[in-house]
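A quick write-up on the structure given underneath.
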Amino acid sequence: MADFRLFNTLSGSKEVFTPTDPKRITMYVCGPTVYNYAHIGNARPVVVFDCLYRFLSAQYPEVVYARNITDIDDKIIHAASERGCGIESVSAEFTTKYREDMAALGALTPTIEPMATEHIEEMVALTERLIAEGHAYSADGHVLFAVESMPGYGALSGRKLDDMLAGARVEVADYKRHPGDFVLWKPSTDSEPGWDSPWGRGRPGWHLECSAMIRAHLGEAIDIHGGGRDLIFPHHENERAQSCCAYGGDFVRHWVHNAYVDMDGEKMSKSLGNVRTVRELRERYPGEVLRFALLSAHYRSPLNFSGDLLGGARGTLDTFYGALRRHVDVPLIDLPVERTAVYAALLDDLNTPEAIAALHAAATTLNKTSDQNEVARAKAELAVGGGLLGLLQADPEAWFKASSGADDLSADQIDALIEERLAARAGRNFARADEIRDALEEQGVLLDDGPDGTQWRRRG
RNA sequence: GGCUCGGUGGCAGAGUGGUUAUGCAGCGGAUUGCAAAUCCGUCAACGCCGGUUCGAUUCCGACCCGAGCCUCCA
């Protein structure tokens with residue numbers, strides 16, 4: 001098996017991926033806090049790690065992929081109180097919407113989707129253990145992790161304890177022994193959701209759930225832990241502290257973080273108010289277009305989001321599907337995935353732009369050659385390599401003819417007009433033929449005349 | 001202030017110590033009744049200043065600019 005080189009945030013360099021147990025790969029990716037619609041920036045890690053999941057699944061017999069749902073959090077409590085309902089109703093609604101949106105992007109369902117509220121017991125147990133080991137203390141109804149108790153705290157985000165104090169912009173609660181200490185458990189008021197614990201009725205801190213759920217579902221150490229770049233600190237740093245101090249060992253083999261989707265050079269975020277939700281984008285673009293756009297830059301590079309990006313993605317997919325449509329009759333040969341150029345590109349830290357370049361090469365081959373062996377090989381590259389990226393799995397005809405609105409012309413109506421135009425052309429009545437073509441174009445239907453007849457597609 | 005990361009042709013976006021990534025756009029051509037699609041050709045880049053080197057966009061250093069984290073955040 002060829003080496004797969006994957007960047008590790010902890011070391012700051014690409015490392016050969018060497019799983020702890022090649023028979024069972026474990027990957028955990030931080031999922032959503034379900035209090036609102038997911039935006040296209042939230043979708044980036046989903047698509048990136050879905051791609052990684054597909055790539056690993058092609059190489060190893062079992063890949064356990066867990067993506068959590070954070071269904072207890074102060075933001076959810078907030079949203080619920082504004083609506084005057086329970087947090088369950090908010091989190092249930094947005095969990096469903098999240099799953100719909102991510103499915104539309106072609107993301108496979110993770111092996112496990114653990115919910116935070118179903119793991120409170122494990123979180124309490126983990127907290128007790130940290131206290132017993134001298135890494136945590138209770139104070140003023142809270143339980144806090146003592147960062148000074150961990151040698152090497154800060155290694156993931158590359159900071160030292162002293163540096164963190166220098167830039168502290170928030171006032172430090174006086175019950176903390178060290179300003180960097182973070183909450184494992186906090187008290188709930190009567191109106192807030194809470195669970196009984198040795199420290200009274202309360203709820204878990206943000207970082208605790210991931211440590212507890214990883215332990216419960218994947219084991220003490222995992223191969224890959226992923227998420228967006230902004231999770232490095234404090235979330236992953238603290239998660240690492242919790243798990244390493246509770247169970248010892250390395251906890252995570254590869255820390256993998258994706259860069260952001262930018263809006264006019266700034267990151268897209270709910271707090272900046274410049275978000276585009278997946279939901280609204282889906283009304284205008286097929287999910288595959290959004291997916292392609294998200295894969296068009298390397299996952300560690302920022303991706304500038306724009307209408308041009310999406311328009312370009314649509315056009316490129318048209319090119320690929322057009323090449324496939326030219327050869328619908330050619331049977332798909334059984335090309336082993338590891339022999340595709342897409343696979344080879346992904347071997348280098350998931351280089352999706354290079355993989356897409358390989359797809360372009362295959363499409364060009366398909367468009368120009370008449371050699372049946374080359375055609376079969378190129379078609380397989382597009383289908384199999386595309387599959388690795390979660391792309392190009394639709395039927396080409398369906399791709400071009402998919403209707404976006406109820407008032408579109410039906411396929412039958414279009415076919416009838418094409419017949420009429422064909423007759424006009426045969427009689428060299430080009431004025432009438434062009435009239436029909438223009439009329440169809442006004443309805444968003446484009447015609448392509450070829451040696452074997454006329455094909456049509458809807459404008460994207 | 002501390003800590004990170006980045007600055008590639010008109011745009012998007014890979015990569016490399018010496019030989020044009022790729023795509024879009026542009027230009028020229030082939031093809032077409034005209035188009036569209038497609039194909040061929042073509043233009044064009046590595047922030048700035050030093051250093052290392054036979055040779056640097058690629059390594060090192062300074063500088064300028066941008067982004068991010070340090071607070072919830074993919």
Side-chain angles (χ1 to χ4, degrees), chain A residues 9 12 29-33 35-36 38-49 70 73-75 78 154 157-160 162-171 179-180 206 226-235 237 257-262 265-272 275 293-294 296-306 308-309 311-313 315-316 318-319 322-323 325-326 345 348-349 351-361 363-369 400 424-425 428-431 433-434 437-438 441 446-451 454-457 459:
Chain A
T9 304
V29 175
C30 288
T33 299
Y35 70 105
N36 211 332
H39 60 69
I40 190 73
N42 296 319
R44 168 116 102 147
V46 173
V47 169
V48 163
F49 289 102
T70 298
D73 181 276
D74 287 4
K75 290 190 292 288
H78 230 94
S157 53
R159 11 187 130 211
K160 302 189 193 86
D162 295 343
D163 296 338
M164 292 183 210
L165 306 188
R169 282 194 258 145
V170 265
E171 76 285 13
W206 175 37
R229 225 180 157 84
D230 46 357
L231 258 30
I232 296 172
F233 191 89
H235 185 52
E237 189 72 71
H257 296 97
N258 63 275
Y260 312 107
V261 174
D262 286 348
E266 272 188 318
K267 80 179 232 188
M268 182 182 296
S269 78
K270 282 165 187 163
S271 39
L272 289 175
V275 306
L294 290 171
S296 65
H298 183 84
Y299 75 90
R300 284 191 290 114
S301 296
L303 174 69
N304 202 21
F305 187 84
S306 67
D308 282 354
L309 174 73
T316 301
D318 280 348
T319 299
R325 175 155 80 163
R326 267 198 181 76
D348 181 20
D349 196 27
N351 193 332
T352 52
E354 196 179 313
I356 289 168
L359 257 23
H360 277 288
T364 300
T365 299
L366 233 33
N367 284 334
K368 68 197 273 193
T369 192
F400 286 114
R425 287 177 72 209
R428 304 197 64 77
N429 182 357
F430 294 122
D434 290 348
R437 182 167 62 199
D438 292 346
E441 187 168 344
L446 305 176
L447 301 186
D448 305 335
D449 293 328
T454 297
Q455 291 191 305
W456 63 270
R457 63 197 162 94
R459 180 168 34 216

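Heavy-atom basis, side chains included; hydrogens, waters and symmetry copies ignored. Treat the numbers as computed from the prediction; the structure is a model and nothing was measured. Within every chain, numbering begins at 1; the chains are lettered A, B, ... in the order of the sequence lines, protein sequences first and strands thereafter.
- Distance CG (A:N258) to C1' (B:G68): 13 Å, rounded to an integer number of Å.
- Using a 4.0 Å heavy-atom cutoff across all strands shown, A:R44 reaches no nucleic acid atom at all.
- A:D73 places its CG atom 10 Å from the P atom of B:C72, with the value rounded to the nearest Å.
- Residue A:E266 contributes atom CD, which lies 17 Å from atom P of B:A74 at whole-angstrom precision.
- A:P302 comes within 4.0 angstrom of sugar-phosphate atoms only, judged by non-hydrogen atoms across all strands, and of no base.
- If you check B:G13, B:G23, B:G33 against the side chain of A:F430, the one that comes closest is B:G33.
- Straight-line distance between the C1' atoms of B:G26 and B:A44: roughly 10 Å, to the nearest whole Å.
- Both A:P353 and A:A357 lie near RNA chain B, and the one whose nearest nucleotide falls closer to the 5' end is A:P353.
- Side-chain nitrogen and oxygen atoms of A:S301 include at least one within less than 4.0 Å of the OP1 or OP2 phosphate oxygen of B:A14.
- Between the base of B:G15 and the side chain of A:N351 there is no donor-acceptor pair shorter than 3.5 Å.
- Across B:G61 and B:C24, the matching C1' atoms stand 38 Å from one another, rounded to whole Å.
- Within 4.0 Å (heavy atoms only), A:V261 reaches at least one base atom of the nucleic acid.
- Counting any heavy atom pair closer than 4.0 Å across all strands shown, A:H39 reaches a base atom.
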What string of B, S and - do you get for nucleotides 35-43 of chain B, 5' to 3', if B is base contact, S is sugar-phosphate-only contact and - is no contact with any protein heavy atom under 4.0 Å? BBSSSS---
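- Taking atom P in both B:C34 and B:G23, one finds a spacing of 27 Å when rounded to whole Å.
- Every stem involving RNA chain B, taken as at least 3 paired positions in a row under the Watson-Crick or G-U wobble test at 3.5 Å, is listed here: B:1-7 with B:64-70, B:10-12 with B:22-24, B:26-30 with B:38-42, B:49-51 with B:59-61.
- In terms of the side-chain contact (heavy atoms from CB on, under 4.5 Å) criterion, residue partners of A:V48 (sequence neighbours excluded) are, by chain and number, A:R44, A:Y299, A:L350.
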